[in-house]
Every structure is written in C-alpha cells, then in structure tokens.
Asker: 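Supplied in structure tokens, the structure appears directly below.
Below, chain A is the first sequence line, B the second, and so on; all start at residue 1.
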Amino acid sequence: MNLNELLLKKRQTILKKWFDSVLETYPQDTANFLKRQKDQFANPVGSTIYNGMDSLLEELLNGGDTDKISTFLDNIIRIRAIQDFTPSQALAFVIQLKRVVREELINENKESQFADELLAFERRADDLMLLSFDIYMKCREKIYDLKANELRNMTSKLLERANLIFEAQYRKIDLEEVLQGNKLERGE
Amino acid sequence: MAKFTAKPAELLKIDFKTPKTDWMDTPVEIREHMYCHPSKAKDLETVGFPNIHEWKPVDENWNLPENWKETVINGIKERLQKYRSFHVFMDICVRCGACADKCHFYLGTGDPKNMPVLRAELLRSVYRKYFTTGGKIFGKTAGARELTEDVLKEIWYYYYQCTECRRCSVFCPYGIDQAEITMIGRELTNLLGLQLGWIAGPVANCYMKGNHLGLEPHTIKSNIEFMLDDIETLTGIRINPTFNRKGAEILFVTPSGDLFGVPGVYTAMGYLMLFHELGLDYTWSTYASEGGNFGFFTSNEMAKRLNSKIYAEAKRLGVKWILGGECGHMWRVLHQYMDTWNGPADFLEVPKSPITGTVFDNAKSTKMTHISEFTADLIRHGKLKLDPGRNDHLKVTFHDSCNTSRGMGMFEEPRYVIKNVCNHFYEMPENTIREKTFCCGSGTGLNASENMELRMRGGFPRANAVRYVHEQHGVNMLANICAIDRATLSASMDYWVPGVGVAGISELVANALVMKGEKERTQDLRLEPLPQKSGEKEGAENV
Ligand code: SF4
Ligand code: SF4
C-alpha cells in the first residue's frame with residue numbers, strides 16, 4: 001500500500017478532522033450548527049466549506065487538476081476572506097491539512113514508512129497555500145472594486161449625460177474656435 | 001477581514017480557537033467594514049432629529065448627551081405603552097431557538113449575537129431590568145442587565161446588522177417579529193442622534209426635495225428624457241410622458257433610484273414603454289418623486305411625514321388612483337402603514353384598470369396598485385402583444401424581496417409575468433424563496449459601501465441559492481421587483497456568482513413587448529444585441 005491508498009482509505013476521518021479544525025475558528029454554537037445542519041441552503045457556509053474540502057481532498061489524492069483545485073479553494077476562501085478573520089486566520093485551514101495527515105500517520109505508526117511520499121504530499125499542500133494567497137488577494141481586491149463600481153453604477157446615467165454635454169461643448173469649441181483660429185492664421 | 005493584530009509568536013500557533021463565554025459576558029467589539037458611517041449634522045437638523053452631536057462608532061466615547069440613559073428608558077416606556085406588539089414580543093419568547101439559524105446575517109457572519117433570538121435579548125434584557133419585577137430583583141439570573149454605554153453600543157451595532165426582513169418571524173411559533181423589535185431599537189438610537197449617514201442623507205433629501213437623491217424637477221425630467229432617447233433608438237418610437245399633469249387618471253410613483261442607476265433605469269424604461277403602448281392616462285410627479293421611504297428606518301413618525309406627500313400629490317393633481325412601481329420597502333410602507341398614517345384617501349377611487357376593467361379590490365383602502373398586479377392582469381386578459389423569444393438570451397430566476405413577499409404576500413403575480421415574457425425560468429430551492437426568501441443582505445438603509453463586508457456576509461445565503469441554479473441550469477439573470485435589490489444584488493452577484501446579471505421585471509416585459517409601429521428590434525433595453533430568432537438563423541444559413 002502506498003501513502004495515497006492509505007489516505008484514500010482514511011479519507012472520511014481526515015476530512016472530518018480537517019473540517020473540525022476550521023469549525024474551531026467559529027464560536028462554539030455556530031460551529032455546532034455549521035456541522036449539524038446538512039441542508040446546503042439552510043447552512044450555506046458550513047456546506048460550502050465542507051464540500052469544498054471534500055472535493056479538494058479528492059482532487060489532491062486522485063487527480064491534481066489545478067483548475068478544479070482553484071475552484072474548490074476559491075469557494076472556501078471567498079467566504080473566509082470577508083468574515084472576521086485576519087488573512088492568516090482565513091487561510092490557516094490549508095496548513096491544517098498537513099497536520100491532520102501527519103497525525104493520522106503517527107497514530108498508525110507509519111510516519112517513517114511513508115516519509116518520502118509524505119514529503120511529496122506536503123509539498124502539494126504547500127502549493128495549495130501559495131495558490132490560496134492569490135485567491136485571497138483577488139477576493140479582497142474584488143471588495144474594493146465593488147465599492148468603486150457601485151458608486152459608478154448608481155450614478156452612471158448622470159455621468160453618461162455629463163460626458164455627452166461635455167463632448168457636445170467640446171465639439172462646439174472645436175468647430176468654432178479652431179476654424180476661427182485657422183482663418184486668422186491664414187489671414188482671412 | 002479582521003485587523004492585523006496577531007504577533008509573530010501567535011501566528012505560529014495556527015489553531016485559532018474561539019473562546020467560550022456567555023453572551024452577556026462577551027463585550028461588544030465594533031469592527032470595521034461592519035457598520036455605516038454616522039450621519040452629518042446638517043441632515044439631522046433638516047428634519048429636526050434630537051441630540052445631534054459628533055461621534056464615531058469605533059471611539060470609546062460616543063459623546064452621548066448627559067441624560068442618555070433616561071432618554072432610552074423613557075423611550076422604551078413610551079413605546080411599550082404605544083405598541084402592544086412590542087410589549088408582547090418583549091414578554092413571550094420561550095427561547096425555543098427555532099429562529100436562531102434563520103437569519104442571513106447569522107448564517108453569513110457566524111456571530112451568535114446575529115441570531116434573532118439573541119438580537120432580541122440584547123434589548124429584552126434591558127426591558128427586564130427596568131420593567132419587570134423578576135428582572136429588577138434577580139438581575140442577571142432572570143436574564144436582566146443594566147443599561148450601560150457598552151450595552152447601548154451593542155444594541156446599536158447589532159440593530160444595524162438586521163435588515164428587518166422578517167424571515168425569522170416565519171419560523172417562530174409565536175410569530176415574534178424581530179423586524180418590529182429592530183424598528184423600536186433603531187428609534188431609540190435615533191433619540192440619541194446615533195443615526196447613519198446613509199439613512200439620514202436620503203431622509204433629509206426626501207424631506208426637502210421629495211426624493212432620496214435630492215433630484216430637482218428639471219433633473220428628473222431631463223433624466224427621463226434621456227431614457228426616451230434610448231427608447232427611440234431601440235424602437236423608433238418617441239414617447240412623450242407628462243409630468244405633474246392635473247386631471248390625469250393615474251399618478252405613477254416609483255423609487256427614485258431607478259431614474260439614475262444601472263440596472264434600475266432599464267426598469268424605468270420598461271414602465272415608459274408599457275404605459276405608452278397602453279395609451280395610459282397617467283402622470284409622473286416631480287414632487288411625489290420617491291416611492292421609497294428611508295424615514296421608515298429612523299422612526300415611525302419620520303416615515304409618516306415623508307409618506308404624506310403621496311396622497312397630498314394625488315389630491316393636488318386630482319387623479320383617480322395611484323399606480324406604484326417596483327420597490328421593496330416602499331410597498332411595505334404603502335401596504336401596511338400609509339392608510340393608517342395619512343388616510344383615508346377618500347378623494348380617490350378604488351383602482352380600476354382602464355384597459356381590462358379589473359377593479360383591484362385588494363387596494364380598496366390604500367387606492368394604490370402594484371405594477372406587477374397591473375401587468376399580470378393585462379397579460380391575463382391578453383392585452384399585450386408579447387414576443388418572449390426576445391428574452392431567449394436570458395435564463396431567469398426570481399428573487400422574492402422580503403417586503404413584497406413577507407411584507408405584503410405577493411408571490412404569484414411577478415412569476416406569472418416573468419413566465420409570460422421569458423421562455424426560460426427556473427426557481428431557486430424551495431427553502432430560499434417565497435415567504436422563506438433570503439434577504440439581499442443590504443436592506444433597511446444598510447446599502448452603503450463602507451460596510452461592504454457585512455453586506456457580502458449577509459448576502460451569501462441568497463447568492464448561494466442563485467449559484468445553485470446558475471450551475472444547474474445556466475441561470476444568468478436574477479429578476480426582482482425592488483430598486484434596492486437591483487443595486488445591491490448586482491454587487492452581491494459580482495462577488496459571489498459572476499456571470500449573473502440583475503433586472504427588474506418591467507425591463508423583461510418591455511423587451512418582449514411588441515409595440516405598435518415599432519421598427520424591427522435588434523437590441524434589448526440595455527442596447528445589447530437581441531438573440532437571433534431560430535427562423536432568422538435558418539434564413540441566414542440558406543443564403
Ligand atoms: S422562535 Fe420565537 S419563541 Fe423561539 S426563540 Fe425565536 S423568537 Fe423566541
Ligand atoms: S428580521 Fe431578518 S435580519 Fe432581522 S433578525 Fe430576523 S432574519 Fe435577521
């Protein structure tokens with residue numbers, strides 16, 4: 001059995017522990033709710049994070065499609081980027097995966113047996129972390145964009161009209177004054 | 001995002017566990033991006049609000065007036081006597097918790113004080129202390145607590161994180177309506193001059209100029225003319241609506257937000273096109289130029305003052321009845337309060353559609369009919385020539401606004417209209433629509449930009465359901481009948497579900513509306529190319 005196979009076998013336990021580590025960043029009552037309520041519409045935060053982690057794990061163990069990984073990470077980070085967390089708190093869950101996996105191996109007394117493979121797995125988790133920084137920043141930038149865009153949308157017709165008036169006036173100046181200037185230059 | 005406060009040593013420990021304390025022992029922490037800026041003094045002066053002073057939510061000292069405590073307690077007392085519902089709501093909660101996880105702000109923030117039951121407890125604990133024997137004697141064990149500055153701050157912070165959407169009340173076995181408790185809580189903060197800029201500004205504008213944006217008559221008119229130019233480009237038809245016309249049959253009132261902003265203007269263009277096609281004898285008013293009522297987010301009294309212009313203008317112009325555009329809280333006010341505040345409007349007639357003859361008996365007392373009812377009735381009687389294929393580029397879902405659904409019980413009319421003007425309509429999941437609809441997350445004057453994080457958190461449950469139909473059915477248009485939704489859901493979609501646009505229903509109606517004498521339409525109301533008809537496509541292929 002290689003590490004991947006072992007982790008696949010223990011996938012549910014790992015997922016559970018990994019998800020629990022995120023829940024601990026929420027107040028206790030909330031953590032209970034996020035865990036208990038399974039309806040994805042009644043519990044959008046809990047279910048999005050849980051499903052995101054489940055899919056991430058699946059992709060890490062079976063595939064490694066970067067696009068898919070980005071999407072799953074994005075789903076989770078998009079939430080945590082606007083909640084009450086510092087950037088490090090928001091993203092710590094990625095590192096937690098390493099801890100959970102290593103602990104599982106220690107429990108099974110298999111840490112040294114899989115040392116090389118574990119290193120490779122942890123490297124993939126590190127890649128996730130780097131990807132997470134980019135996603136987090138994009139989310140934050142989006143928030144600033146929204147603020148600016150909203151103001152523009154709210155008054156867009158006003159601005160458009162102001163531009164038209166400006167353009168019309170500009171054209172008038174253009175025609176009358178410039179023509180006049182040309183005439184003068186030509187001594188007419 | 002929280003502030004960067006962690007020290008390097010703390011950063012190394014990555015278990016960010018949250019401490020466990022009882023809610024009463026967890027002091028309020030006012031966080032950036034979660035609240036709106038305070039109001040400007042001049043806006044409060046304009047309408048004569050009390051205790052105007054300089055203060056900042058994050059400051060330790062809010063510069064409260066000396067007798068602030070007395071003001072609040074007397075304020076509670078007065079309201080307990082005046083509103084029986086408030087008194088009942090303060091007493092009957094059995095803390096069953098059925099409402100706890102039903103609030104979009106709780107779902108999005110995870111902050112227990114955003115559970116409706118706890119939000120109410122923030123004020124209820126003060127009520128117990130000063131107005132119940134048990135609370136006076138047993139204090140904390142009876143769930144009572146002293147009113148301190150921190151307690152006041154907490155009430156302020158969390159009562160401006162409630163959009164008065166009433167979703168929680170749908171699930172409460174006693175029908176306790178947190179929206180009404182929040183209204184009272186906000187009235188109390190208003191007594192102390194603790195108003196938000198985003199609310200006080202529109203209130204002052206509305207009081208002075210008749211609408212939230214402070215548009216003067218010539219600006220309103222020229223903005224509408226601007227839309228008429230676009231309509232002419234689109235259809236080849238020049239429309240000539242009237243303003244402040246005495247003797248018109250109908251007065252049309254709509255939120256001013258739709259006269260300026262995108263995508264609201266497309267909804268307003270929709271009204272203009274529909275009314276023109278019907279040859280409706282109606283007028284716009286540049287005085288009753290606001291259907292919305294931000295006064296409703298300050299105090300009952302202020303809301304009443306701002307609302308009074310609608311009947312007054314109807315009387316002045318001598319119209320027979322009033323037709324109202326697509327707005328959320330406007331309809332809550334019109335439907336539930338206008339008649340008692342400023343009625344009876346006995347100088348008006350029960351609304352009757354001049355096209356179909358339908359009498360809107362449901363509006364017998366207010367004399368004001370909703371555009372969706374009016375349009376649905378037209379379609380029902382086959383009075384509109386419609387080509388839903390012109391909306392074939394859109395896969396539409398419908399967001400029930402809190403106010404039109406839970407506030408006035410309108411579920412079917414908008415859906416009926418959409419299904420007749422669009423070929424592709426998909427409902428969001430059952431527990432997120434109709435009376436269980438999720439708020440946009442930015443209602444009740446919380447649609448400022450400085451609190452964008454709060455808005456995104458509160459908007460997530462709604463967006464999450466939109467994302468589902470987007471992924472399942474390719475939905476790309478979120479229809480609604482609320483001006484605030486049109487603005488705020490645009491931001492929410494942009495963050496949560498890029499690729500989904502936002503539109504008022506009247507825009508979709510006008511896209512599909514085949515008008516007499518129109519040129520062949522090649523663009524929709526946004527001046528974007530219309531989908532090619534399959535027939536046309538075939539023809540093109542044959543060439
Ligand atoms: S559902 Fe009603 S009775 Fe139950 S906790 Fe909520 S407000 Fe109280
Ligand atoms: S009225 Fe709406 S926003 Fe307020 S507590 Fe209830 S569910 Fe939350």
Side-chain angles (χ1 to χ4, degrees), chain A residues 21-31 33-34 36-37 39-48 75 78-96 99 136 139-140 142-161 164, chain B residues 1-6 11 14-20 26 31 33-34 100-102 106-112 115 219 222-223 226-227 257 259-265 428-432 438 447 449-450 452-457 460-461 463-465 468 487-488 490-491 494-496:
Chain A
S21 75
V22 174
L23 291 182
E24 281 174 356
T25 61
Y26 294 95
Q28 201 186 6
D29 288 342
T30 303
F33 164 74
L34 294 176
R36 204 189 59 234
Q37 174 57 264
D39 183 306
Q40 73 182 98
F41 304 107
N43 177 13
V45 169
S47 64
T48 306
N75 289 347
R78 199 157 287 272
I79 295 174
R80 295 187 55 92
I82 48 117
Q83 287 187 323
D84 237 340
F85 300 114
T86 61
S88 61
Q89 286 169 333
L91 299 182
F93 76 93
V94 184
I95 306 180
Q96 293 280 22
R99 198 209 60 190
Y136 182 89
C139 291
R140 295 303 313 170
K142 188 81 214 174
I143 291 289
Y144 297 116
D145 275 1
L146 288 182
K147 295 184 185 184
N149 288 346
E150 192 163 70
L151 207 65
R152 214 186 45 211
N153 286 347
M154 239 155 33
T155 51
S156 66
K157 285 293 156 185
L158 246 196
L159 290 179
E160 221 175 277
R161 206 184 52 195
L164 279 184
Chain B
M1 184 180 80
K3 276 203 168 149
F4 300 86
T5 47
L11 280 175
I14 56 168
D15 311 304
F16 295 104
K17 289 192 186 158
T18 313
K20 297 167 203 163
T26 315
R31 301 208 181 217
H33 313 298
M34 294 295 282
D101 54 8
K102 303 304 185 294
Y106 174 64
L107 295 178
T109 61
D111 182 342
M115 291 177 180
T219 319
S222 64
N223 258 298
F226 200 59
M227 294 178 208
L259 301 181
F260 262 89
V262 166
V265 283
M428 283 182 273
E430 178 276 329
N431 53 348
T432 71
F438 276 118
N447 52 327
S449 59
E450 62 266 22
M452 193 57 82
E453 284 190 21
L454 171 73
R455 291 176 46 191
M456 289 303 120
R457 293 181 205 188
F460 182 51
N464 179 56
Y468 177 78
T488 63
S490 296
D494 203 3
Y495 186 75
W496 293 112

Asker: Check each atom of B:M34 against the heavy atoms of chain A and say whether the ones under 4.5 Å are side chain, backbone, both or neither.
Answerer: neither

Asker: Between A:E150 and B:A491, which heavy-atom pair has the shortest distance, and what is it?
Answerer: OE2-CB, 3.6 Å

Asker: Is it the backbone or the side chain of A:Q83 that comes under 4.5 Å from a heavy atom of chain B, or both, or neither?
Answerer: both

Asker: Are any side-chain N or O atoms of B:R457 and backbone N or O atoms of A:I82, one a donor and one an acceptor, separated by less than 3.5 Å?
Answerer: yes

Asker: Is the shortest side-chain heavy-atom distance between A:I143 and B:H33 below 4.5 Å?
Answerer: no

Asker: Less than 4.0 angstrom from a charged side-chain N to a carboxylate O is my criterion; do B:E453 and A:K147 meet it?
Answerer: no

Asker: Which one of B:N447, B:D101, B:T488 has the most heavy-atom pairs closer than 4.5 Å to chain A?
Answerer: B:D101

Asker: Take B:Y468 and A:Q40, measure what side chain to side chain contact (heavy atoms under 4.5 Å, CB included) needs, and give me the verdict at the end.
Answerer: CA-CA 10 Å; B:Y468 177 78; A:Q40 73 182 98; 4.1 Å; yes

Asker: With a 4.5 angstrom heavy-atom cut-off, is it the side chain or the backbone of B:P429 that approaches chain A, or both, or neither?
Answerer: side chain

Asker: Any side-chain heavy-atom pair from A:Q37 and B:L107 closer than 4.5 angstrom?
Answerer: no

Asker: Can you name the side chain to side chain contact (heavy atoms under 4.5 Å, CB included) partners of A:T48, sequence neighbours left out?
Answerer: A:N75, A:I79, B:F460, B:N464, B:R467

Asker: Is A:R80 in contact with chain B via its backbone, its side chain, both, or neither, using a 4.5 Å heavy-atom distance?
Answerer: neither

Asker: List for me each residue that meets side chain to side chain donor-acceptor pair (under 3.5 Å) alongside A:D39, sequence neighbours excluded, and say none if there are none.
Answerer: B:N431

Asker: Might you point out which heavy atoms bring B:Y495 and A:K142 nearest each other, and give the distance in Å?
Answerer: CD1-CG, 3.7 Å

Asker: With chain B, which of A:L146, A:D84, A:N149 has the greatest number of heavy-atom pairs at distances under 4.5 Å?
Answerer: A:D84

Asker: Using the six-membered ring wherever Trp is involved, compare the ring planes of B:Y106 and A:F33 and label them parallel, tilted or perpendicular (cut-offs 30° and 60°).
Answerer: tilted

Asker: Compare every heavy atom of B:P112 with every heavy atom of A:P27, then report the nearest pair and how far apart it is.
Answerer: CG-CD, 3.7 Å

Asker: Against chain A, work out which of B:R455, B:E450, B:K102 has the most heavy-atom pairs shorter than 4.5 Å and name it.
Answerer: B:R455

Asker: Using heavy-atom distances under 4.5 Å, tell me whether B:A465 contacts chain A through its side chain, its backbone, both, or neither.
Answerer: both

Asker: Between atom CZ of A:F41 and atom CD of B:E430, what is the distance when rounded to the nearest 0.5 Å?
Answerer: 11.0 Å

